[in-house]
Asker: 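Starting off with a structure, shown below.
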Amino acid sequence: MPPPLVPPHIRFGFRGFKDCPLLERMEPDTSKTRLQALRLQCWSVRTHRLCTEPQRLWVVTVLLVARRLDGLIEEGASVPRLPIEMWTAILGYVRLEDIGTTSAVA
């Protein structure tokens, strides 16, 4: 039996997707599987429901800060405005293992 494609820290790690049904159905070492594994390493709208509760709360907090900044801009603050699409694109570069933990704040 070939070794699993998805690294153990993603499949079984505390900060990964605990009991993720998508990881159980992956076939070993195909281009489709490699792409699926890469998509699961960073946050996305699609993976949000698979995240742990602390990870989801972290993302919601970031998006609430974005909304608060929009409110300040409407009140006349000189803060550059980013559309929500930019916020989600930026969050898409954040590795799931780095969010939702106190060690990621350092």
Side-chain angles (χ1 to χ4, degrees):
M1 177 179 222
L5 173 68
V6 182
H9 75 278
I10 294 174
R11 290 177 65 205
F12 306 112
F14 174 74
R15 294 184 255 170
F17 297 109
K18 184 176 172 99
D19 302 322
C20 177
L22 295 178
L23 294 178
E24 293 173 3
R25 295 183 298 201
M26 284 189 163
E27 299 171 11
D29 203 16
T30 64
S31 58
K32 180 181 174 184
T33 305
R34 281 186 232 119
L35 183 59
Q36 285 177 319
L38 287 173
R39 286 182 180 157
L40 290 174
Q41 289 185 23
C42 293
W43 180 87
S44 72
V45 173
R46 288 181 67 194
T47 61
H48 185 76
R49 66 182 175 84
L50 302 172
C51 295
T52 63
E53 185 173 351
Q55 290 171 328
R56 288 192 308 268
L57 290 173
W58 187 91
V59 171
V60 168
T61 301
V62 169
L63 294 176
L64 287 172
V65 168
R67 179 60 190 119
R68 177 69 178 131
L69 288 173
D70 283 347
L72 291 175
I73 292 167
E74 291 170 6
E75 294 172 5
S78 62
V79 179
R81 183 177 189 279
L82 289 177
I84 193 66
E85 294 84 5
M86 288 296 296
W87 284 98
T88 56
I90 292 166
L91 285 171
Y93 287 96
V94 179
R95 293 177 58 93
L96 290 173
E97 64 188 47
D98 295 333
I99 66 173
T101 63
T102 56
S103 62
V105 179

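Treat the numbers as computed from the prediction; the structure is a model and nothing was measured.
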Asker: Are Val94 and Leu64 connected in a single hydrophobic cluster, I mean Ile/Leu/Val/Met/Phe/Trp/Tyr linked by side-chain heavy atoms less than 4.5 Å apart?
Answerer: no

Asker: In the structure I gave you, are the side-chain heavy atoms of Ile90 and Leu82 within less than 4.5 Å of one another anywhere?
Answerer: yes

Asker: Output yes when a side-chain donor or acceptor of Thr47 lies under 3.5 Å from a complementary backbone atom of Leu50, and no otherwise.
Answerer: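 Checking the backbone N and O of Leu50 against the side chain of Thr47, no donor-acceptor pair under 3.5 Å is found.
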
Asker: Provide the closest heavy-atom pair for Cys42 versus Gly92 in the form atom of the first, atom of the second, distance.
Answerer: CB-O, 3.1 Å

Asker: Taking all atoms of both residues into account, what is the closest heavy-atom pair of Gln55 and Glu97, and its distance?
Answerer: NE2-N, 4.5 Å

Asker: When you compare the side chain of Leu91 with that of Leu63, does any pair of heavy atoms fall below 4.5 Å?
Answerer: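 Yes. Closest side-chain heavy atoms under 4.5 Å.
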
Asker: Could you state whether Leu57 and Trp87 fall into the same hydrophobic cluster, counting links through intermediate Ile, Leu, Val, Met, Phe, Trp or Tyr residues with side-chain heavy atoms under 4.5 angstrom apart?
Answerer: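 Result: no, two separate clusters.
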
Asker: Applying side-chain contact (heavy atoms from CB on, under 4.5 Å), run through Asp70 and Arg67 and close with a yes or a no.
Answerer: CA-CA 5 Å; Asp70 283 347; Arg67 179 60 190 119; 3.3 Å; yes

Asker: Is it the case that one hydrophobic cluster holds both Val60 and Leu96, taking links as side-chain heavy atoms less than 4.5 Å apart, direct or via other members?
Answerer: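 No; tracing contacts between hydrophobic side chains, which count when under 4.5 Å, never links both residues.
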
Asker: Do Leu40 and Tyr93 share a hydrophobic cluster, counting only Ile, Leu, Val, Met, Phe, Trp and Tyr and linking them when any side-chain heavy atoms are less than 4.5 Å apart?
Answerer: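 Leu40 does not cluster with Tyr93.
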
